There are 2 protein chains.
Amino acid sequence: MSLGLEEIRAASLRLRGRAVRTPLIEAPAASRVAGAWVLAKPEVLQRTGSFKFRGAMSRLSLLTEAERRRGVVAYSSGNHAQAVACAARDMGTSAVIVMPSDAPRLKIENTRNHGAEVVLYDRVKEDRVAIGQRIATERGLVLVPPFDDPHVIAGQGTIGLELVADAAQQGLAFDLVLAPCSGGGLAAGIATALAALSPRTRVIAVEPETHDDLARSLASGARVSNPEGRVSICDALMAAQPGALTFPLLQAARAAAVSVSDAEAMAAMAHAFYEMKLVVEPGGAVALAALLSGKIDARDKTVCVILSGGNVDADMFERALAS
Amino acid sequence: MSLGLEEIRAASLRLRGRAVRTPLIEAPAASRVAGAWVLAKPEVLQRTGSFKFRGAMSRLSLLTEAERRRGVVAYSSGNHAQAVACAARDMGTSAVIVMPSDAPRLKIENTRNHGAEVVLYDRVKEDRVAIGQRIATERGLVLVPPFDDPHVIAGQGTIGLELVADAAQQGLAFDLVLAPCSGGGLAAGIATALAALSPRTRVIAVEPETHDDLARSLASGARVSNPEGRVSICDALMAAQPGALTFPLLQAARAAAVSVSDAEAMAAMAHAFYEMKLVVEPGGAVALAALLSGKIDARDKTVCVILSGGNVDADMFERALAS
């Protein structure tokens, strides 16, 4: 299938009453720091604590009756895991989730609490895609990829529809939308929606410095990977490279990419705690970090920052507050 | 002036574009615990991090030009302080704030950051009302009381208007609305709005066990005080007794009152962190605590929990997460 505004609108209809329509919140403190008019889209308030529920439910709501009886399988560092597990329970089907053994404890527990079967793997030595595909084949399950699936991308793109609608209601239009980026599903979905509905808005994908594959891919015009073995506190943003579907969408929408350090992500988490009263995980805070650290010059612009997830253990949260 | 629906609607118009219209958020985890359908009104997302901004702005937006030139004075444990300081800056006037010297550091700093002059006093030995009134007289300032003022109560009551509107849009009606309670401005404002617009909804005010003056006042039919010298981690909820204006409003609206322990408040803060991704201060979490601890039997009911404030120091927040 192609992926455009029509598919994103269809996903939005499927999500109605199933996903939270998150609000757009003014961010006066961030506005002062950036010299801009900043609003935040807190996807931390989304079901399962991250935007991933949108993509998962967008895909699972299309299962045939036969597929629903067999169930689904997904591989994920944690947020897609919880999202697929929760969406599966909502849709009356079962889920097997392949997760790295070093994922935050909270994410593993939540996934199990949603009734999913969790299969752990070694992030360094094993290939999660291969494990997921093997389970799908052996058990006859539908594989739900974390980003490289048109229905998943369309689900994340519903954020773009909401941004345009809420901005219009407030009589404003965004110059910039900043979105955390790993495989690129979130940024590609939003960029595709905005390219159609608000072409003057620029989407900037924000990556951890250790995983700046999108920035390098956009610069070189072809998908490149991150060196193996790199680790970031942004556990949600450690995909190896941009997706085969997401990358051309990001190119077509003329998206840009910047990166931030772990320290900048933690400072943004602390800002969200003190100034926004929101719990944001490291990977969920990188877009805000790019703004606050000055990596993006937003002076005099109207800016939306996506706070994409809030699934963080207390230990890591306290580390950020102490930073 | 009298205080009814008309005054609350007028306050709502004055707050438009000045206060945040906070969303109504589904709380699936709390719903499971309580066996109820629970939604949360996160006033932590309100400007200055608590509902107090509504009442402060409601009052300050009515200053005459002469009053605006002279400025305002308020006494407050912290949230009303920040709210009056911020509203004063918005309205182009100045504020003197009388605060207890043991208020959370964050609240004192934020109040100063909003440009207010802070006067500290000893919570045990000195009388904040007397200090506030003396400063008002000496300097010719308008005193903005934390709860016993009809325009302040009307401002807090705008939450009731929003609850009714948002519930109607979602095709539901609340059986119960649970609101944290100190002097009673929040609960009285909401109860007054709901008595007019949704008479089947019961408002329950939630207090710290150490400061259960409203429960005892409602039981005895007259305002009674808390024993002096009591301390709670709910620094925002330590008023000596119900207000002269708020108490009859709460009686007229047939509000009830229950109380929770410090430990129950901290457990609710941890729940909000893990399950709602919201930062809630101890006093802001007591309504949720009453629900989660079973102090209120909400089985099979539709319930709104007001999360009234999120101004908490990192130390106290970490204590709650470790509890």
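Chain letters run A, B, ... following the sequence lines, proteins first and then strands; every chain starts at 1. Predicted model, so just to flag it, every value in this text is computed and none were measured.
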Inset, instruction - Report yes if some heavy atom in the side chain of B:Glu318 is under 4.5 Å from a heavy atom in the side chain of A:Leu321; otherwise report no. - result: yes
Inset, instruction - Evaluate the side-chain proximity of B:Ile25 to A:Val20: yes if any heavy-atom separation is below 4.5 Å, no if none is. - result: no
Inset, instruction - Decide if atom CZ of A:Arg21 counts as having more than 12 heavy atoms of other residues, nucleotides or ligands within a radius under 6.0 Å. - result: yes
Checking [X] against chain B: side chain, backbone, both or neither under 4.5 Å from a heavy atom?
| X | answer |
| --- | --- |
| A:Val312 | both |
| A:Asn113 | neither |
| A:Leu278 | both |
| A:Pro23 | side chain |

Legend entry - B:Tyr274 side, atom OH; A:Asn110 side, atom CG - distance, nearest 0.5 Å: 10.0 Å
Inset, instruction - Using atom types as modelled and distance alone, determine if a side-chain donor or acceptor of A:Lys277 lies under 3.5 Å from a backbone N or O of B:Val44. - result: no
Inset, instruction - On the 0 to 90° scale, with breaks at 30° and 60°, tag the A:Phe273-B:Phe317 ring pair as parallel, tilted or perpendicular. - result: perpendicular
